[in-house]
Participant: 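Submitted below is the structure of interest, expressed as structure tokens.
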Amino acid sequence: MRVTVVGSGFVGQTTAMRLVQRGLAEVVLIDIIEGLPQGLALDMRQSGPVVGFEPHVVGTNDYADTEGSDVVVITAGFPRQPGMSRMDLLGKNAGVVRGVVEQIAPGSPDAIIIVVTNPLDEMTALAAEVSGFPKERVVGMAGVLDSARLRTFIAEELGVSPLVVEAMTLGSHGDSMVPLPRHATVDGKPLVDLVDEATLERLYARTRDAGAEIVALLKKGSAYYAPSASIAKMVESIVHNTEELLPVCAWCTGQYGISGVYVGVPVRLSRSGVAEIVELDFNEDELAALRAAAEGIRAKCADLAQL
Ligand SMILES: NC(=O)c1ccc[n+]([C@@H]2O[C@H](COP(=O)([O-])OP(=O)(O)OC[C@H]3O[C@@H](n4cnc5c(N)ncnc54)[C@H](O)[C@@H]3O)[C@@H](O)[C@H]2O)c1
């Protein structure tokens with residue numbers, strides 16, 4: 001498998017490193033800055049003998065080197081600065097994502113595109129439109145990350161390992177993130193039996209603002225360790241055809257009563273992209289929250305079309 005990572009900034013380079021180190025694919029790292037992806041790839045290859053992996057990673061500024069990719073991860077674009085919302089990036093990053101997709105799609109017409117650039121849901125819709133690819137081959141990464149953040153906060157609150165915490169967030173990568181308390185468990189026990197309502201609300205609010213919390217601490221740029229881990233998880237699911245249930249920004253065609261819009265839903269990924277959007281047993285409140293998130297994204301996509 002050949003995976004191209006577009007954008008060699010913090011998210012792109014840590015993603016490339018995770019993919020090559022785990023032997024998941026042959027990786028091509030590309031950026032507009034001359035020398036940056038080449039230097040990073042060279043450095044990564046030199047860690048191969050120490051860590052013990054095959055150094056299948058190259059850096060380039062030329063899209064010809066990305067041809068025949070099975071998966072394309074788009075991380076190119078501007079990250080948030082303190083005080084910014086993801087939506088503040090809409091105009092600037094739309095131009096970047098459009099240009100990237102126009103250049104990558106012709107050489108890799110069978111690729112699965114994983115969009116990472118923010119604002120995530122809208123950039124995923126844009127990548128699908130510009131590529132013209134079947135919608136099941138264009139997805140966005142946000143839910144794996146938001147869920148990981150929530151699992152971490154639950155674990156820290158209860159003083160347990162995050163490995164025994166199961167929790168999923170759906171909806172948008174932003175204010176209308178949809179947490180699912182009824183579906184969260186800690187060591188197999190329902191989360192709602194372990195914490196009170198106020199604690200739940202505090203954990204969800206912190207998860208919703210988790211990206212901004214890191215941006216404020218870093219003062220320059222945004223998170224990349226957990227984002228790249230989440231991207232690698234999605235790539236692994238595609239490469240190994242695991243069909244593991246993951247929260248993914250995917251195109252809905254009637255699932256949960258939602259149609260014709262990209263939104264975070266539970267998905268099984270495979271080598272052909274979205275193999276299935278799984279319809280979990282949601283109550284009316286959960287359904288309403290997911291549908292509201294979808295309508296918010298639809299409205300933003302309409303705004304984007306006016307830009
Ligand atoms: N979806 C998520 O959960 C999530 C998580 C973290 C970051 N992000 C987003 O990912 C993006 C990248 O974040 P980062 O921290 O790596 O930023 P960064 O500034 O470190 O890196 C961005 C890179 O993109 C490159 N770039 C810009 N225009 C390009 C183009 N046309 N073609 C190729 N490369 C181009 C830049 O040269 C730079 O190296 C941001 O939009 C950020 O908001 C999303």
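Whatever order the structure lists ligands and atoms in, that order sets their numbers, starting from 1. Keep in mind that the numbers below use all heavy atoms, side chains included, and drop hydrogens, waters and symmetry copies. This chain uses plain numbering: 1 for the first residue, then up along the sequence.
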Participant: Tell me which one of Ile33, Val116, Ile104 gets a heavy atom nearest to atom 4 (C) of ligand 1.
Facilitator: Val116
Participant: What atoms in ligand 1 come closer than 4.0 Å to a heavy atom of Leu145?
Facilitator: 3 (O), 5 (C)
Participant: Atoms of ligand 1 less than 4.0 Å from Thr75 heavy atoms?
Facilitator: 11 (C), 12 (C)
Participant: Output every pair passing ring pair (Phe, Tyr, Trp, His ring centres under 6.0 Å) with a member in residues 14-65, not counting sequence neighbours, ordered by first then second residue.
Facilitator: none
Participant: Numbering the atoms of ligand 1 from 1, which are under 4.0 Å from a heavy atom of Val11?
Facilitator: 6 (C), 7 (C), 13 (O), 14 (P), 15 (O), 16 (O)
Participant: Only heavy atoms of Leu120, strictly under 4.0 Å: list the atoms of ligand 1 that pass.
Facilitator: 1 (N)
Participant: Got the closest protein heavy atom to atom 18 (P) of ligand 1, with its distance?
Facilitator: Gly9 CA, 3.9 Å
Participant: With no hydrogens and no angle check, is any side-chain donor or acceptor of Ser176 less than 3.5 Å from a backbone partner on Ser172?
Facilitator: no
Participant: Ignoring angles and geometry beyond distance, decide whether Met141 reaches within less than 3.5 Å of ligand 1 through its nitrogen or oxygen atoms.
Facilitator: yes
Participant: Nearest heavy atom to atom 23 (C) of ligand 1 wins, so pick from Ile32, Val215, Asp31.
Facilitator: Asp31
Participant: Taking non-hydrogen atoms only, is Ile30 closer than 4.0 angstrom to ligand 1 via side chain, backbone, both or neither?
Facilitator: neither
Participant: Which residue and atom name correspond to the protein heavy atom nearest atom 41 (O) of ligand 1, and how close is it?
Facilitator: Phe78 O, 2.8 Å
Participant: Backbone N or O of Arg149 within a donor-acceptor pair of the Thr207 side chain at under 3.5 Å?
Facilitator: no
Participant: Tell me which protein heavy atom sits closest to atom 31 (N) of ligand 1, plus the residue, atom name and distance to 0.1 Å.
Facilitator: Val96 CG1, 3.8 Å
Participant: Tell me yes or no: between the side chains of Ser237 and Thr242, is some donor less than 3.5 Å from an acceptor?
Facilitator: yes
Participant: Under a 3.5 Å threshold, yes or no: a donor from one side chain and an acceptor from the other, between Thr199 and Asp196?
Facilitator: yes
Participant: Which ring pair (Phe, Tyr, Trp, His ring centres under 6.0 Å) pairs, counting each pair once, include a residue from residues 147-193, with sequence neighbours left out?
Facilitator: His183-Phe282
Participant: Starting from atom 20 (O) of ligand 1, find the nearest protein heavy-atom neighbour and note its residue, name and distance.
Facilitator: Phe10 N, 3.0 Å
Participant: Which residue and non-hydrogen atom of the protein lie closest to atom 24 (O) of ligand 1, and at what distance in Å?
Facilitator: Gly77 N, 3.4 Å
Participant: Could you list which atoms of ligand 1 come closer than 4.0 Å to a heavy atom of Asn93?
Facilitator: 41 (O)
Participant: Between the side chains of Glu122 and Asn93, does any donor sit under 3.5 Å from an acceptor?
Facilitator: no
Participant: Within the distance-only criterion (no hydrogens, no angle test), does the side chain of Asp187 pair as donor or acceptor with the backbone N or O of Val164 below 3.5 angstrom?
Facilitator: no
Participant: Purely on distance, is any nitrogen or oxygen of Arg80 under 3.5 Å from one on ligand 1?
Facilitator: no
Participant: Under 3.5 Å, is there a donor-acceptor pair between the Ser228 and Thr15 side chains?
Facilitator: no
Participant: Among all protein heavy atoms, pick out the one at the shortest distance from atom 34 (N) of ligand 1; state its residue, atom name and that distance to 0.1 Å.
Facilitator: Ala76 CB, 3.5 Å
Participant: Write down the atom of Val165, the atom of Arg151, and the distance for their closest heavy-atom approach.
Facilitator: O-NE, 2.8 Å
Participant: Which atoms of ligand 1 sit under 4.0 Å from any heavy atom of Pro227?
Facilitator: 5 (C), 6 (C)
Participant: Picking from Glu244, Glu136, Glu276, Glu243, what satisfies salt bridge (Lys or Arg N to Asp or Glu O under 4.0 Å) with Arg268?
Facilitator: Glu276
Participant: Considering only protein heavy atoms, which is closest to atom 8 (N) of ligand 1, and at what distance to one decimal place?
Facilitator: Asn118 ND2, 3.4 Å
Participant: Return the closest protein heavy atom for atom 17 (O) of ligand 1 as residue, atom name and distance.
Facilitator: Pro79 CG, 3.6 Å
Participant: Which of these, Glu201, Glu213, Glu157, sits in a salt bridge (Lys or Arg N to Asp or Glu O under 4.0 Å) with Arg206?
Facilitator: Glu213
Participant: Distance under 4.0 Å to a non-hydrogen atom of Ala223: what atoms of ligand 1 satisfy this?
Facilitator: 6 (C)
